[in-house]
Amino acid sequence: MPASGAMEGAGEEDGPGRSHEAVDLVANGEAAAREETAPPVVQVSSSSSGEEEEEEEEEAAGGDQEAEGPCVPSCPVCMNAWTADGKHRVSCIPCGHVYGRSCLERWLTQCGNKSATCPQCGKRYRQKNIINLYVPEIVVPNNDPEKQVLSLRDKNRFLENQQQTFVEEIKEYKRQILLQQHLIKESISKRQKLAEQSSDGGGMVPESVSHRADVGSGDPCKFVLQNEYFLDGARVMGIDASSQIILASGRAAGVSAEHVITKISMFSRQEMKVHLPPNTKAVRDICILPGGLAVFASLGRKLLLFSMTTNNIVLQYDLPAPGWSCSGVSSDPNHIYAGLQNGMLLVFDTRQTKAPMCSLTGLSTHPVHTVHSVVDDSGSRKVISASSIGPCIWDVGGSENKPNLVTGMEIHGVCISLACTAPSSDLLVASFRPKVELLGVGAASQTAISQSPTLSGSGKLGCHAFIRRTSSTSFVKDGICNGNVSELRMSKSVIIPCSGSNQHLFAYGDETLSGVRTWRLPSFQTFTDLIPHRRPILDLRFAESSTGDRYLGCLSEEKLQVFRIR
């Protein structure tokens, strides 16, 4: 508070309609108040209002303020430090004197809320004349309560966010524990049933178990569930075994018509959503290329090249028709093949960013749902594709512009899947479902297949044909077995080479199981059934790392399983 003369001068102002204000120092006299070490206590009164005097005691910082002295800018009324914002923010009135805003407003209230005089020069001001000042720096004492409140608020917000993260991690761990407990209970239950059957001396052993019992220690491989992920609206997938990265396509939760790629780390189990360019639509196929790249073929007539290192689309091709399949070359990361909905096959070189190297016309206008880039026994690069008419062999870069259809396949119906042993393509397995027009026709075998009921109610009894290469362009059918296939979908299938032996397994999503069934090749003897899903299997992928680690990915609409193959 400044000297009392300033406040008295404010009360000496005469004139019509003006009230007399006085500011007195609360102490045993003015001189005694000035001798006190702590700042004086201010009493503000209004003689015209008739209200009783109000006293407001402001405790000083004592020795701390004395130590800081003039270094701490403070309000001349209450002697407390200004603040940069809030009720006591630094403000001024038209005369130019500076105070804390709350002191000016309190003095204005004591004077009747109309006008008041400056405590230092006596010039009048109103509420609208109070101007907030924005200074570059306000020195606030370390024990400022407002500063402490703001700091505690920030700490509280940080701890709340951290707590939410911990809660989500705990939920995920609990879910994984429940899943493992469920798997353990199922395993114990199966062992108990087998033990009971063995003690009874009966031979009623489930088919899949009896096959494994027949082979004994000669089992070519073993499937061990390593990871399980829950997804929403998944369609296709790709596995990079070397970097332990999984890519799965699907629809973004809560966002209509937006398709995304979910990138999953098999090490940390972290998931990340990768949003695709506008109008990409659904991704029909994913292919992992060497060097940390992936290719997406979409129904939005786009072929996208994705970097798994930067998580960005690095190259985009416009297609003349919706893309249904894609494939790369293991020995050449620059060449890409795309199968289209109109039956065409396009060949791309990523060093040519505008258009494909060549466009090849197929034998039909049916969608090319599968493409495999392979090398024949002479070392020539070939492309094996499949559409509803059956498997085809393309001589890319050769003299023929159209493919050759593998003979003998047309009698089995509609080709819906093709598995291939890459990169040699010596073994193929084509999956078929009966043609619709064969229903009721006199062909007894086809009629029997098409009219056979299935337990799932959504599948049909189709067949799987084992095909063996005899020359660079010739293949021969070497076996066939029945299996429950989808009536509508064109699901993926894989051939799994077994390490340490010359044996192979064929894996396919059986409709009656809503899970994966595996067969030995070429005998088609049932090997084992993997843990089922609630929904049908949409995609299967086999991947092998540079260190020899092998994985099988099984994808349904709501779940992804990754099995380690030993």
Side-chain angles (χ1 to χ4, degrees), residues 284-285 321 324-327 337-346 360-374 376 382-396 398 400-422 424-439 441 443 445-447 449-450 459-495 506 508-509 519 521-522 524 540:
R284 285 285 309 182
D285 198 7
W324 272 63
S325 56
C326 58
S327 177
Y337 304 97
L340 305 187
Q341 181 173 292
N342 60 4
M344 294 180 63
L345 178 71
L346 302 186
L360 305 177
T361 303
L363 299 178
S364 72
T365 57
H366 299 167
V368 179
H369 56 74
T370 307
V371 172
H372 294 291
S373 173
V374 299
D376 61 20
K382 297 289 190 299
V383 173
I384 298 180
S385 70
S387 62
S388 59
I389 63 173
C392 295
I393 312 298
W394 303 73
D395 186 14
V396 178
E400 298 183 10
N401 292 326
K402 287 195 175 184
N404 296 315
L405 183 66
V406 177
T407 59
M409 298 293 107
E410 59 276 0
I411 64 173
H412 298 300
V414 178
C415 179
I416 59 175
S417 180
L418 179 66
C420 172
T421 55
S424 65
S425 72
D426 291 336
L427 307 178
L428 306 175
V429 176
S431 301
F432 298 86
R433 64 168 169 246
K435 292 182 179 179
V436 176
E437 61 267 26
L438 292 179
L439 294 175
V441 180
S445 61
Q446 289 294 336
T447 303
I449 291 177
S450 62
K460 283 187 175 295
L461 184 60
C463 65
H464 307 293
F466 177 64
I467 306 168
R468 189 188 300 274
R469 176 192 291 275
T470 57
S471 67
S472 59
T473 58
S474 300
F475 290 83
V476 62
K477 182 172 65 177
D478 200 15
I480 192 169
C481 80
N482 291 334
N484 290 287
V485 300
S486 172
E487 293 181 290
L488 301 174
R489 294 180 303 275
M490 294 183 177
S491 304
K492 304 291 185 180
S493 57
V494 294
I495 295 177
F506 170 67
Y508 189 84
W519 292 267
L521 293 178
F524 277 116
L540 286 174

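Note that the structure is a prediction, hence the values are computed from the model and not measured.
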Check: [X] side chain, [Y] main-chain N or O, donor-acceptor pair, under 3.5 Å:
X    : Y    : result
S417 : S431 : no
R433 : R489 : yes
S327 : S373 : yes

Least distance between heavy atoms, [X] atom then [Y] atom:
X    : Y    : result
F475 : I467 : CB-CG2, 3.4 Å
T407 : E410 : C-OE1, 4.4 Å
K402 : T361 : CG-O, 3.5 Å
C463 : N482 : CB-OD1, 4.0 Å
L405 : P391 : CD1-O, 3.1 Å

(message) For H369, give me all partners under ring-ring contact (aromatic ring centres under 6.0 Å, His included), at least two apart in sequence or on another chain.
(response)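 Checked H369 against ring-ring contact (aromatic ring centres under 6.0 Å, His included); zero matches.
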
(request) Output all residues satisfying ring-ring contact (aromatic ring centres under 6.0 Å, His included) with F466, sequence neighbours left out; order by chain, then residue number. (result)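 Counting only residues at least two positions away or on another chain, F466 forms no ring-ring contact (aromatic ring centres under 6.0 Å, His included).
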
Distance in Å, [X] [atom1] paired with [Y] [atom2], rounded so as to fall on 0.5 Å steps:
X    : Y    : atom1 : atom2 : value
L340 : S325 : CG    : OG    : 8.0 Å
L345 : C392 : CG    : SG    : 10.0 Å
L428 : K477 : CG    : NZ    : 14.0 Å
L418 : S493 : CG    : OG    : 7.0 Å
R468 : L521 : CZ    : CG    : 9.0 Å
N342 : T365 : CG    : OG1   : 8.0 Å

(request) Would you check, one step at a time, whether the test side-chain contact (heavy atoms from CB on, under 4.5 Å) holds for N484 with L461? (result) CA-CA 5 Å; N484 290 287; L461 184 60; 4.2 Å; yes

(message) Tell me every residue that passes side-chain contact (heavy atoms from CB on, under 4.5 Å) with T421, counting only those two or more places apart in sequence or in another chain.
(response)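 T421: side-chain contact (heavy atoms from CB on, under 4.5 Å) contacts with S424, L427, I495, H504.
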
(request) Could you check V368 against W324 for side-chain contact (heavy atoms from CB on, under 4.5 Å), going step by step and ending with a plain yes or no? (result) CA-CA 6 Å; V368 179; W324 272 63; 5.6 Å; no

(message) Could you go through W394 and L360, starting from their C-alpha distance and side-chain angles, then the distance that decides it, and tell me whether this counts as side-chain contact (heavy atoms from CB on, under 4.5 Å)?
(response) CA-CA 9 Å; W394 303 73; L360 305 177; 3.4 Å; yes

(message) Which label fits W519 and H464: parallel for a plane angle under 30°, tilted from 30 to 60°, or perpendicular past 60°?
(response)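 Answer is tilted, since the angle falls between 30° and 60°.
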
(message) If you apply the rule side chain to side chain donor-acceptor pair (under 3.5 Å), what do you find for S387 with H366, and how did you get there?
(response) CA-CA 6 Å; S387 62; H366 299 167; 5.4 Å; no

(request) Could you check M409 against F432 for side-chain contact (heavy atoms from CB on, under 4.5 Å), going step by step and ending with a plain yes or no? (result) CA-CA 9 Å; M409 298 293 107; F432 298 86; 3.9 Å; yes

(message) Does any part of the side chain of K382, heavy atoms only, come nearer than 4.5 Å to the side chain of D395, both counted from C-beta?
(response)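 In contact.
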
(message) I'd like to check H412 versus I480 (side-chain heavy atoms, cut-off strictly below 4.5 Å). Are they in contact?
(response)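 Side-chain contact under 4.5 Å: yes.
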
